[in-house]
2 protein chains.
Amino acid sequence: MCSACRIRRLGVCSGADEKGLDQLELRKTYRRYAPGERMASAGLDLPQIGTVLSGTATLSRTQDRGTRQIVGLLQKGDILGRPWRHTTPFDVEALTPVEVCAFRTPVFEDLLDQMPGLRTRMIEMIQDDLDAARTMMTILGRKTAREKIVSFLVHLALRQNSTPERGACEVDMMLSREQIADILSLTFETVSRQIMDLERAGLIVPRTRRIFCIPELQALIQLSGDDHDGALIDC
Amino acid sequence: MCSACRIRRLGVCSGADEKGLDQLELRKTYRRYAPGERMASAGLDLPQIGTVLSGTATLSRTQDRGTRQIVGLLQKGDILGRPWRHTTPFDVEALTPVEVCAFRTPVFEDLLDQMPGLRTRMIEMIQDDLDAARTMMTILGRKTAREKIVSFLVHLALRQNSTPERGACEVDMMLSREQIADILSLTFETVSRQIMDLERAGLIVPRTRRIFCIPELQALIQLSGDDHDGALIDC
DNA sequence: CGAACGCTTGACACTCTTCAAGACATGTGG
DNA sequence: CCACATGTCTTGAAGAGTGTCAAGCGTTCG
């Protein structure tokens with residue numbers, strides 16, 4: 001039941017009223033993807049539009065030379081697919097098991113036409129993605145490796161700890177060194193070195209390879225290179 | 001008269017029907033900005049939404065340290081401002097004299113609510129901006145200075161010469177070395193050096209400081225670093 | 001004519017990548 | 001349980017590509 005959906009207040013569908021939800025109810029299909037599974041390929045047809053219910057997927061493009069750039073992470077509530085555009089310009093790949101609530105593209109376009117609230121919400125979400133992408137542009141082009149790693153850690157910390165008190169907190173990077181490198185446009189060696197440096201400086205304390213304690217979040221923020229407004233890729 | 005507007009088929013308003021145009025007609029205001037004029041400031045209120053009629057403006061953010069990243073160019077047909085978001089996260093600055101057809105934000109939101117076609121077009125345009133921004137992410141992070149400059153030239157060449165024959169053509173970079181540097185995340189010295197190198201290699205032939213002949217566009221495309229799909233920032 | 005601006009060029013420093021090797025953890029088959 | 005393979009991560013040394021700083025040239029404009 002849509003009205004009891006765990007992302008009811010998060011996804012596009014939060015723009016739908018009760019009557020609209022009934023419409024969605026009738027047309028939706030659930031899909032599951034296994035870790036590593038290709039959910040869509042750059043340049044190819046993508047005949048569905050969906051909302052991520054759980055799990056994480058990457059949006060990326062790989063160059064001829066083999067370097068990869070991750071341009072977005074799809075998480076709970078994020079949209080996969082594009083209305084009125086029948087191909088997708090990026091590869092989409094499941095990182096963890098992913099559940100998607102999907103509609104065939106023409107069906108979803110009809111729903112958008114009929115439901116003003118849905119369309120409004122859609123505009124808001126894409127706009128936020130756009131802002132996040134542009135913010136990433138400023139990070140990729142103008143920050144040092146150190147600042148990139150710190151910005152990434154701060155972003156995750158603020159996201160994962162809803163209390164923005166800037167004191168001690170814990171952060172789970174979730175991703176491998178290589179995946180972080182593909183997001184921040186670095187090599188995995190550089191990522192590893194920067195993380196080690198932060199450890200040796202006592203700014204982060206390892207719990208596991210990917211989970212860290214941050215004794216003083218404020219100290220990290222000051223190393224991040226600018227006024228941290230929190231909008232990194234993911235939305 | 002909207003129906004005779006020079007960007008009738010280009011901007012958001014191309015999503016409006018004849019009756020809708022009458023609505024727009026009643027509410028629109030024209031604004032002009034001089035070169036160098038600040039049209040909006042990051043973090044501040046932006047109580048209007050408009051379409052650029054002529055001229056060019058930059059969308060950028062400047063870091064504490066003084067480095068600037070241009071995240072988009074606003075040209076004829078592009079949208080300035082954001083529905084349902086009352087501040088803007090980037091600075092907007094007129095590069096040339098700019099004319100804008102503007103609406104107060106709440107007014108434009110009402111129009112979006114009433115006109116499905118307008119809303120559909122809005123989604124398409126923001127979506128295209130998002131794709132362009134993400135493509136720029138792959139360029140900023142993963143290309144060399146040479147590839148960045150070449151990609152930029154190729155992009156402009158394809159845009160300015162509607163004939164995509166890949167033979168000889170001419171291209172006007174319009175921007176100063178410094179502005180190009182701010183788009184591609186380089187220094188203006190590096191931009192200058194790369195352009196000189198391309199000249200010395202005979203890949204481009206200067207007509208003025210900012211206008212070049214390209215004897216063999218195909219040759220440039222092969223230096224650009226990947227399959228060139230043309231989507232750079234600007235839309 | 002001088003000032004201001006945009007552009008070119010050189011020398012040098014430095015960050016990050018590249019290439020290479022090894023440590024650590026986990027899982028598999030004998 | 002061990003031997004081994006595999007994937008992830010750390011570390012080192014060397015080198016390439018850009019940034020930085022500095023100087024000078026050409027053009028435009030007052």
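In this entry the distance linking CE of A:Met173 with P of D:dT8 reads 15 Å, nearest Å.
Note on A:Ser176: every side-chain N or O is 4.0 Å or more away from OP1 and OP2 of D:dT8. Taking only side-chain nitrogens and oxygens, A:Arg210 comes nearer than 4.0 Å to OP1 or OP2 of D:dC9.
Counting non-hydrogen atoms under 4.0 angstrom, B:Arg65 reaches nothing in the nucleic acid.
Counting 5' to 3', DNA chain C first comes under 4.0 angstrom of a heavy atom of chain A and last does so at the ends given by C:dC16 to C:dC19.
Judged as a side-chain hydrogen bond (donor to acceptor under 3.5 Å, both in side chains), and not counting sequence neighbours, A:Arg210 has no contacts. In this view, A:Arg65 and A:Gln63, A:Thr67, B:Glu147 satisfy the side-chain contact (heavy atoms from CB on, under 4.5 Å) rule, not counting sequence neighbours. Taking the side-chain hydrogen bond (donor to acceptor under 3.5 Å, both in side chains) definition, one finds that A:Ser185 meets it with A:Gln69, sequence neighbours left out. Shown here are the side-chain contact (heavy atoms from CB on, under 4.5 Å) partners of B:Pro206, two or more places apart in sequence or in another chain: B:Glu199, B:Phe212. By the side-chain hydrogen bond (donor to acceptor under 3.5 Å, both in side chains) test, B:Ser192 is found to be paired with no residue, residues two or more places apart in sequence or in another chain being considered. Remark: B:Glu189 engages B:Thr187, B:Arg193 in a side-chain contact (heavy atoms from CB on, under 4.5 Å) (not counting sequence neighbours). Residues satisfying the salt bridge (charged side-chain N to carboxylate O under 4.0 Å, His left out) criterion with A:Arg104, sequence neighbours excluded, are absent altogether.
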For each nucleotide in nucleotides 12-30 of chain D, reading 5' to 3', give B when a protein heavy atom comes within less than 4.0 Å of its base, S when such contact involves only the sugar-phosphate, and - otherwise.
-> BB----SSBB---------
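One finds the CD1 atom of A:Ile211 at 12.5 Å from the CD1 atom of A:Ile204 (value rounded to the nearest 0.5 Å).
Each end of the helix from C:dC1-D:dG30 to C:dG30-D:dC1 yields a helix axis from five base pairs, and these two axes differ in direction by 30° (to the nearest 10 degrees).
Here salt bridge (Lys or Arg N to Asp or Glu O under 4.0 Å) pairs that include residues 37-52 of chain B, with residues two or more places apart or in two chains, are B:Arg38-B:Asp91. The list of salt bridge (Lys or Arg N to Asp or Glu O under 4.0 Å) pairs with a residue in residues 179-188 of chain A, not counting sequence neighbours, reads A:Arg68-A:Asp182, A:Asp182-B:Arg142.
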